[in-house]
Amino acid sequence: MLFNLSKVAGLALVIDAASAAAITVSASKDAGSTSSDIFPPKSTSVNSKQFPGEDVVGFPGPTPTGEEAAAAQTAPLYPYNTGPAKSFPLVAPQPKGSSAFDGNFDITKYWGNLSPWYSVSSADYGLPDASPLIPEGCTINQMLLLYRHGARYPTSGAAPSTFSAKVANATKVGFSVTGELSFLADWTYKLGAELLTPFGRSQNFQLGVEYRQLYGELLNNFTAQGALPVFRTESQDRMVKTAENFAAGFFGVPEYLNQVNIEILVENSTVNNSGAPYDVCPNSNIASRGSIGSTVAALFAQNAFNATLARLNSEAYAIAVLQLCSYETDALGYSAFCPLFTKQDFENYEYYYDLSFYYNNGPGGPVSAAQGKGYLEEWIARFNHTVPPANSALNETFDNSSTYFPLNQSIYADATHEVVVLDVLTAFNLTALFDGPALNYTLGNEGLNTFVASKLVPFATHFTTQIMTCPARNQTKQIRFIVNDAVVPVSNSHAGCPVDPDGLCGFDTMVGVLSKRAAEIDYNYDCFANYTAKPGVNYNGRAPRS
């Protein structure tokens with residue numbers, strides 16, 4: 001058997017960076033003086049009985065280990081942190097066929113949900129002057145964070161392990177490789193399953209560090225209350241470690257052990273959980289309903305990668321080998337598979353994920369809003385200071401308790417999976433993120449929609465809500481949404497929200513609009529009814545009725 005990868009021409013990508021205008025600020029009388037805050041509050045401690053650890057809760061999911069990374073031994077380049085800080089210490093080569101005239105093409109931004117998170121520009125969604133920093137004249141009061149785990153090994157039984165089995169089987173009859181594929185001669189599969197990679201652990205830790213620097217002052221509210229925060233996650237091993245690494249970055253090591261209560265909700269098909277709603281939404285995994293994106297993406301791949309991997313028999317191998325590029329880089333620091341592919345290959349690879357997520361968990365999916373409804377109603381409840389209604393996948397037992405579902409925190413941090421983050425963005429009706437016609441799966445990427453999977457569902461993606469006081473505004477209390485550093489405009493999607501260069505909307509207006517949105521989402525119908533969805537339609541995340 002001879003493996004052969006054909007060449008496919010690519011297109012250059014040019015990114016223009018906008019420069020910020022300099023602002024002159026007069027120093028206050030306190031400039032240069034010493035000041036400090038006090039946290040944690042006195043006479044507080046973590047209650048391990050009320051908030052049991054992973055060993056007590058159980059249900060960790062699969063935890064096979066993988067081979068340790070050895071980039072210093074095997075990678076052709078040393079991972080200097082000269083590129084995007086969020087990708088350090090990974091090494092990502094230029095695509096096959098690139099020249100000095102092509103510019104710097106960052107392949108890691110074309111891996112869909114396997115991309116390391118990177119800052120997205122607010123200009124991508126129509127707010128060129130918006131910044132995640134608090135606008136002038138406003139004061140931050142509260143912050144809510146929904147974030148994904150960092151880079152992980154493939155899920156159990158995923159395409160990369162299937163490909164490795166095919167290679168192993170080929171050795172029984174013998175095969176040869178040549179040129180750029182010669183590494184396959186002694187290539188072994190070094191990836192485990194499900195667990196966070198070292199880089200993945202660092203992503204959540206760094207996210208915690210960043211958010212402590214951005215919002216640390218809000219801890220003073222806990223000191224005033226004499227209370228500790230409650231941060232939530234799920235029982236899968238990578239989810240527990242995600243919350244712990246975020247907390248370690250936010251509070252420090254070992255301080256996080258006694259400065260935050262980490263609540264672990266069981267992730268299992270028999271238990272409700274807003275962080276894993278697909279387990280209790282049967283239509284989520286039906287091909288003609290919640291999984292139409294998987295079918296559509298596979299159809300696209302059949303044509304998109306024929307020329308590239310003509311000798312590998314089916315599109316499954318094309319995706320598997322591209323995934324090995326992503327997963328090996330994320331886990332081992334470098335992958336010899338990456339230089340095999342052109343820019344066009346990586347662009348098609350991204351669009352494969354765009355289709356999958358747009359139609360599975362975005363506006364093109366019929367169960368997306370229903371699956372995001374649990375978190376949406378919890379979000380509303382935290383502002384209304386009421387127990388959320390039990391008409392979605394949220395866990396009423398925990399949400400009906402002020403111990404496990406506190407309503408007075410200045411900082412909330414909930415860990416989940418990328419599909420849930422996208423379900424939530426759809427439930428929140430943030431249409432600026434999906435602006436344009438439904439994605440075309442027959443002609444390929446027409447570039448007519450703002451939806452890009454690597455911008456919305458990468459490893460360690462995060463969705464932030466900022467609540468602030470702005471005395472000069474018509475409604476003093478204001479709110480806005482930020483996704484991976486991009487401020488999201490809401491004036492076209494949320495009635496009563498004005499066009500605002502900072503993406504702000506009155507708090508009462510927004511809570512009212514989203515309360516109406518939550519009431520309109522029919523969880524029982526979307527997750528349990530018998531209907532047929534089809535690609536090429538923007539369902540706004542809700543099931544068709546005819």
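When the side chain to side chain donor-acceptor pair (under 3.5 Å) test is applied to W379, the partners found at least two apart in sequence or on another chain are T465. For the ring-ring contact (aromatic ring centres under 6.0 Å, His included) test, no residue two or more places apart in sequence or in another chain qualifies with Y359. Considering only residues two or more places apart in sequence or on other chains, Y327 meets the side chain to side chain donor-acceptor pair (under 3.5 Å) condition with R152. In this view, S235 and V57, F59, I264, V266, E267 satisfy the side chain to side chain contact (heavy atoms under 4.5 Å, CB included) rule, not counting sequence neighbours. Take T171 and apply the side chain to side chain donor-acceptor pair (under 3.5 Å) test, not counting sequence neighbours, and it matches no residue. Remark: R517 pairs with N540 by the side chain to side chain donor-acceptor pair (under 3.5 Å) rule, at least two apart or across chains. Not a single ring-ring contact (aromatic ring centres under 6.0 Å, His included) links H494 to another residue, sequence neighbours left out.
Side chains of N361 and S368: no donor on one and acceptor on the other come within 3.5 Å. At a cut-off of 3.5 Å, with distance as the only test, a side-chain donor of T342 or D345 sits close to an acceptor on the other residue. With hydrogens and angles left out, the side-chain atoms of N104 and Q94 include a donor and acceptor closer than 3.5 Å. Side-chain atoms of T464 and Y211 include a donor-acceptor pair closer than 3.5 Å. Between the side chains of D414 and T233, no donor-acceptor pair is found at a separation under 3.5 Å. In this model, a donor atom of one side chain and an acceptor atom of the other lie less than 3.5 Å apart for Y118 and S454. A side-chain donor from one of K190 and T188 sits under 3.5 Å from a side-chain acceptor of the other.
Between Y352 and F300, the distance from one ring center to the other does not fall under 6.0 angstrom. Y525 has its ring centre less than 6.0 Å from the ring centre of Y531.
Residues L456 and L433 form a side-chain contact, since some pair of their non-hydrogen atoms from C-beta on lies under 4.5 Å apart. Under the 4.5 Å side-chain criterion, counting only non-hydrogen atoms from C-beta, V424 is not in contact with L376.
For residues 113-131, the salt bridge (Lys or Arg N to Asp or Glu O under 4.0 Å) pairs, not counting sequence neighbours, are D124-K455. For residues 326-337, no pair satisfies salt bridge (Lys or Arg N to Asp or Glu O under 4.0 Å), with sequence neighbours left out. Screening residues 328-363 for disulfide bond (SG atoms under 2.5 Å apart), with sequence neighbours left out, gives C325-C338. Screening residues 441-453 for salt bridge (Lys or Arg N to Asp or Glu O under 4.0 Å) gives no qualifying pairs among residues at least two apart or on separate chains. Screening residues 236-245 for salt bridge (Lys or Arg N to Asp or Glu O under 4.0 Å), with sequence neighbours left out, gives E54-K241, E194-R238, D237-K241.
A salt bridge between R232 and E378 is present, with a side-chain N of the basic residue lying under 4.0 Å from a carboxylate O of the acidic one.
Ring geometry for F357 versus Y353: interplanar angle of 30 to 60°, hence tilted. Relative ring orientation between F459 and H149 is described as tilted, the plane-to-plane angle lying within the 30° to 60° band. The aromatic rings of F346 and F105 are tilted relative to each other, their planes meeting at an angle between 30° and 60°.
Distance alone, capped at 3.5 Å, places no donor-acceptor pair between the S326 side chain and the W111 backbone.
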Might you work through the side chain to side chain contact (heavy atoms under 4.5 Å, CB included) test for F481 and L425, ending with a clear yes or no? CA-CA 10 Å; F481 304 118; L425 297 177; over 6 Å; no
